[in-house]
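Report on the following structure.
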Amino acid sequence: MDCLYCFLGLLLLAARVPPDAAKRFHDMLSNGKPSGFIRQHDQLDGWSSDENDWNEKLYPVWKRGDSKWKNSWKGGQVQASLTSDSPALVGSMITFAVNLVFPKCQKEDANGNIVYEKNCRNDTGATADPYVYNWTEWAEDSDWGNDSSQSHNNVFPDGKPFPPHPGWKKWNFIYIFHTFGHYFQTLGRCSTKISINTANMSLGPQVMEVIVYRRHRRTYIPTARVKDVYIVTDQIPVFVTMSQENNRNSSDEIFLRDLPIIFNVLIHDPSHFLNESAIYYKWNFGDGTGLFASNNPMWNHTYLLNGTFNLNLTVQAKVPGPCPSPSPRPPMVTTPLVPTGNYPLELSDNPDESCHISRYGYFKATITIVEGILEVNIIQMTDVLMPMPQTGDSLMDFVVACQGTVPTEVCTVISDSTCQIAQNTVCDPVDVDMHSPCLLTVRRAFNRTGTFCLNLTLGDDASVALTSALVSVPGRDPASSVRIANGTLVAAGCLAVFVTVIAFFMYKKHKEYTPIENPGIMVKGKSLNVFFNHAKSMFFPGSQEKDPLLKNQQEVP
């Protein structure tokens with residue numbers, strides 16, 4: 001009887017003091033923070049629940065700041081970079097990529113080993129051993145070389161064996177991805193990619209965490225860990241580029257009146273989820289011209305009035321999807337007055353019937369329309385006759401006419417006959433009567449005879465217009481001067497073709513000629529990026545010309 005009491009006492013003690021619970025994935029990842037509210041969602045296809053047990057003996061977990069991280073890799077610490085093609089439209093695939101960055105002078109060779117780069121010296125100096133980690137040698141000296149998947153070492157943290165892939169011996173890194181209360185484990189080399197279907201994911205910002213292990217003979221050593229925010233949305237991610245001829249800087253959201261603006265809609269769909277969808281674009285430019293609908297992502301629109309306008313775009317995609325199941329049909333009550341052959345309409349059971357789900361994307365912008373220089377032309381070129389004898393540069397006058405506003409600056413670039421090598425650049429303010437038609441004379445000097453390429457631009461704060469010409473500078477004799485005065489103007493029709501295939505150098509104030517990034521083109525649709533950056537902060541607190549004509553510049557010969 002006494003023995004029975006002792007046995008019952010032990011059972012009660014065991015019930016009050018439970019043994020150490022097995023470590024689970026959600027205990028070992030996310031710094032031990034549980035994510036029970038996420039685990040209520042449907043399981044991700046191909047992923048496992050983080051309620052599974054974790055083999056802590058084979059895969060130890062080190063917390064952030066643990067001193068062991070300093071010695072986890074020879075020559076320094078490995079950094080992991082995690083990126084994704086977020087934002088992802090719900091139902092599409094989202095892809096994550098992890099890349100490992102090794103310490104200086106280290107790289108992965110063709111066999112998956114980590115070696116020192118030749119002729120590269122790191123802080124520790126050169127070493128006689130070419131290998132940082134020679135996993136091939138380890139495999140030959142242990143059961144790593146055994147092709148049998150039954151080896152108790154060739155398993156993931158949950159005990160599942162490594163896949164029987166022919167090249168798995170070269171994959172010396174184990175990647176554990178964790179999100180939505182689920183994990184995915186895979187072998188890889190110094191980089192790996194995975195894709196997930198977002199059909200069962202909640203909308204909004206989410207966190208993906210990755211922990212990386214390296215092979216260490218019969219066990220594994222934590223090497224790097226990283227996390228990043230990604231976004232799942234039910235709205236189509238839409239971006240819009242805007243471009244306009246003669247627009248000096250489209251990034252300031254200022255465009256010119258009476259010139260068409262080209263709007264080009266870009267849909268972020270890296271997994272091609274919408275490839276089979278019918279997509280429609282509905283435009284409202286805010287100037288009272290009405291609503292425009294099209295299935296073409298590109299549209300031109302010309303504003304005829306100055307002012308500020310609110311642009312709105314709605315994108316609709318009809319995504320093919322399964323048809324809903326037909327509802328049960330109530331029994332028909334027949335009477336002599338109702339023919340028995342008349343039945344109400346119902347959903348078809350035909351499997352080939354096409355159904356769809358509509359998804360929408362939205363874009364808004366506020367743009368300002370102003371007057372600008374619409375066109376510029378050289379209407380006359382004249383050799384400036386100098387008294388004989390005369391030495392020095394040859395002078396030529398160019399009579400220039402333009403349409404639109406009166407320019408405030410004029411700039412010329414003189415290059416060789418191929419229009420490739422700049423030889424002389426001159427910029428001047430324009431002093432003309434603001435109330436008179438745009439007509440001015442530009443005088444330029446040429447220090448030798450020959451054929452030159454001349455780019456001439458007129459500009460103001462909002463616009464810049466270009467024209468180009470081939471100029472023939474003759475020798476100093478009266479006959480040549482007469483030929484210049486009467487015959488050197490290149491035909492305007494030929495120049496129109498010439499101008500479309502060459503570029504020009506723009507200028508800034510103080511006679512400085514510097515490039516402007518992406519002139520004439522404006523990319524809009526930044527609201528999603530702002531939201532993305534805001535989501536990250538929540539989870540992790542803490543002038544060029546449109547067509548460059550000249551490739552380089554040289555001193556005037």
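- A pairwise comparison of heavy atoms in R359 and V319 identifies CG-CG2, 4.1 Å as the closest pair.
- For the atom pair CD1 of I196 and OG of S92, the computed distance is 11.0 Å after rounding to the nearest 0.5 Å.
- For the residue pair S195 and T95, a side-chain donor N or O sits within less than 3.5 Å of a side-chain acceptor on the partner.
- Using a 4.5 Å cut-off on side-chain heavy atoms (C-beta onward), V473 and D383 make no contact.
- Using a 4.5 Å heavy-atom cutoff, the side chains of L440 and V430 are in contact.
- The backbone N or O of A199 sits less than 3.5 Å from a side-chain atom of N197, completing a donor-acceptor pair.
- Within the 4.5 Å cutoff, no side-chain heavy atoms of I262 are placed close to those of M242.
- The residues D428 and R444 are annotated as salt-bridged, a charged nitrogen and a carboxylate oxygen being separated by less than 4.0 angstrom.
- Using a 4.5 Å cut-off on side-chain heavy atoms (C-beta onward), L305 and I369 make no contact.
- D460 places no side-chain N or O within 3.5 Å of a backbone atom of V464 that could act as its donor or acceptor partner.
- The only member of D85, T83, T179 that meets side chain to side chain donor-acceptor pair (under 3.5 Å) when paired with Y230 is T179.
- Only one option out of L100, I114, V212 pairs with V78 in a side-chain contact (heavy atoms from CB on, under 4.5 Å); it is L100.
- The neighbour count for N119 CG, taken as heavy atoms of other residues, nucleotides or ligands under 6.0 Å away, does not exceed 12.
- Proximity of V442 to T412: side-chain heavy atoms (C-beta onward) are separated by under 4.5 Å at one or more points.
- Two rings, from Y281 and W299, have their centers 6.0 Å or more apart.
- In this model, a donor atom of one side chain and an acceptor atom of the other lie less than 3.5 Å apart for Y360 and Q316.
- Side-chain atoms of S468 and N455 include a donor-acceptor pair closer than 3.5 Å.
- Taking all atoms of both residues into account, the shortest heavy-atom contact from N99 to S191 is OD1-CB, 3.2 Å.
- Interatomic distance, Q380 CD to F398 CZ, rounded to the nearest 0.5 Å: 11.0 Å.
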Exercise for the section: Might you work through the side-chain contact (heavy atoms from CB on, under 4.5 Å) test for Q206 and I231, ending with a clear yes or no? Expected result: CA-CA 6 Å; Q206 311 295 340; I231 293 175; over 6 Å; no

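- In this structure, the separation between CD1 on I254 and CG on N249 is 8.0 Å, given to the nearest 0.5 Å.
- W69 and R225 make their closest contact through CZ2-CD, 4.1 Å (heavy atoms, listed as atom of the first residue, atom of the second, distance).
- Taking OH of Y280 as the reference point, atom OG1 of T314 lies at 15.0 Å (rounded to 0.5 Å).
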Practice task
Starting from the C-alpha separation in whole Å, work towards a yes-or-no answer on salt bridge (Lys or Arg N to Asp or Glu O under 4.0 Å) for E371 and R257.
Solution key: CA-CA 5 Å; E371 292 185 274; R257 192 185 73 183; 3.2 Å; yes

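- A side-chain donor-acceptor contact under 3.5 Å links D416 and T418.
- Taking each heavy atom of P103 and K74 in turn, the nearest pair found is CG-O, 4.2 Å.
- Side-chain atoms of T198 come within 3.5 Å of backbone atoms of G91 as a donor-acceptor pair (strictly under, hydrogens ignored).
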Practice task
Kindly indicate, with the supporting measurements, whether the criterion side-chain hydrogen bond (donor to acceptor under 3.5 Å, both in side chains) is fulfilled by N247 and E245.
Solution key: CA-CA 5 Å; N247 192 359; E245 288 293 331; over 6 Å; no

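- Using a distance-only test at 3.5 Å, with no hydrogens or angles considered, a donor-acceptor pair links the side chain of Q244 to the main chain of L256.
- A heavy-atom distance below 4.5 Å is found between the side chains of C411 and T425.
- A 4.5 Å side-chain heavy-atom check between V98 and Y175 finds at least one atom pair inside the cut-off.
- F285 and F309 have their aromatic ring centers separated by at least 6.0 angstrom.
- The structure places CD1 of I373 at 11.0 Å from CG of L259, a figure rounded to the nearest 0.5 Å.
- For the pair K318 and I279, the minimum side-chain heavy-atom distance is 4.5 Å or more.
- Q235 places no side-chain N or O within donor-acceptor distance of the main-chain N or O of T233, the cut-off being under 3.5 Å.
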Problem - Worked verdict on V210 versus F96 for side-chain contact (heavy atoms from CB on, under 4.5 Å) - result: CA-CA 10 Å; V210 182; F96 296 88; over 6 Å; no

Practice task
Decide yes or no on ring pair (Phe, Tyr, Trp, His ring centres under 6.0 Å) for F446 and F452, but give the supporting numbers first.
Solution key: CA-CA 9 Å; F446 297 83; F452 299 90; 5.3 Å; yes

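- Here the closest heavy-atom approach between residue D269 and residue N275 is recorded as OD2-N, 4.2 Å.
- Within the 3.5 Å criterion, the main-chain N or O of A317 finds no donor-acceptor partner in the side chain of S277.
- Side chain of K227 to main chain of M208: no donor-acceptor pair is present (N/O by atom type, distance under 3.5 Å, no hydrogens or angles).
- Looking at every heavy atom in both residues, F180 comes nearest to S202 through CZ-N, 3.2 Å.
- Between atom OG1 of residue T366 and atom CG of residue L311 there is a gap of 8.5 Å, rounded to the nearest 0.5 Å.
- Residue-environment remark: CD (E276) stays at or below the threshold of 12 foreign heavy atoms within 6.0 Å.
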